[in-house]
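Before any comments, here is the structure.
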Amino acid sequence: MTTSNTLPRLRPTQAMQYFIAPHVISMDDSGYLYVPTNCRPNSNKCKLHVVFHGCYQGLSFINTTFVEHAGFNQIAETNDIVLIYPQVYPTMLNPRGCFDWWGYTSPAYASNIGLQMIGVKQMIDRAAKLHYNPNDSPGERRTMHIGRAVQ
């Protein structure tokens, strides 16, 4: 898929609202959301996946190269998966711009009370809240109705 085909479905998001002290925990102000063609308003049920970039792969190092060209968007387009791309930037404690996998944000970094994970969970919850259909059967509730909030 070419960049020109990808960009209309790739949208910047304001990520700061989901994180406690985002700059302290190395979270960038922005992230990206990829919405496949079939996940437009009033369309198919879609799944959601969070894509964590590696060290040196955030916006401050390579701009949108990872977001646009890592291959996730093509897989998402084919499989009706909305992608959330949170972004980390380098700081004195995190000079390589990595997500916290060693404890620079807190000792709870790898748990559900880790500061980065709390924010990512809020991003997921927000998407689920906006797209949850109470008429789904219990088996269908693992998917979300994507579209109305990402117009």
Margin query: Is there a side-chain contact between Leu83 and Leu33 in this structure, where contact means two heavy atoms from C-beta onward sitting under 4.5 Å apart?
Written below: no
Mind listing the closest non-hydrogen atom pair of [X] and [Y] along with its distance?
X: Pro95; Y: Pro90; value: O-CB, 3.4 Å
X: Gln116; Y: Asp100; value: OE1-N, 2.9 Å
X: Met27; Y: Val88; value: SD-CG2, 3.9 Å

Using the test side chain to side chain contact (heavy atoms under 4.5 Å, CB included), find all partners of [X] that sit at least two apart in sequence or belong to another chain.
X: Phe52; result: Val50, Pro86, Phe99, Met117, Val120
X: Thr91; result: Ser26, Tyr89, Leu93, Asn94
X: Ile62; result: Gln57, Thr65, Phe66

Item checked: Rounded distance (nearest 0.5 Å) linking atom CD1 of Ile81 with atom OH of Tyr34 -> 11.0 Å
Quick one: does [X]'s side chain have a donor or acceptor within less than 3.5 Å of a partner on [Y]'s backbone?
X: Asn79; Y: Ile75; result: yes
X: Gln87; Y: Asp29; result: no
X: Lys45; Y: Asp80; result: no

Which donor-acceptor pairs under 3.5 Å do side chains of residues 106-114 form with protein atoms, sequence neighbours excluded?
from	atom 1	to	atom 2	distance (Å)
Ser106	OG	Ala108	N	3.1
Ser111	OG	Ala108	O	2.8
Ser111	OG	Ile113	N	3.1

Checklist line | Short side-chain donor-acceptor distance under 3.5 Å, Glu68 and Tyr85 | finding: no
Check: Any salt bridge (Lys or Arg N to Asp or Glu O under 4.0 Å) pairs touching residues 110-124, not counting sequence neighbours?
Finding: Lys121-Asp125
Margin query: I need the full list of disulfide (SG to SG under 2.5 Å) pairs touching residues 49-79, with sequence neighbours left out, sorted by first then second residue.
Written below: Cys55-Cys98
Note to self: In this structure, would Ile25 and Met92 fall into the same cluster of hydrophobic residues linked by side-chain contacts under 4.5 Å?
What the structure shows: no
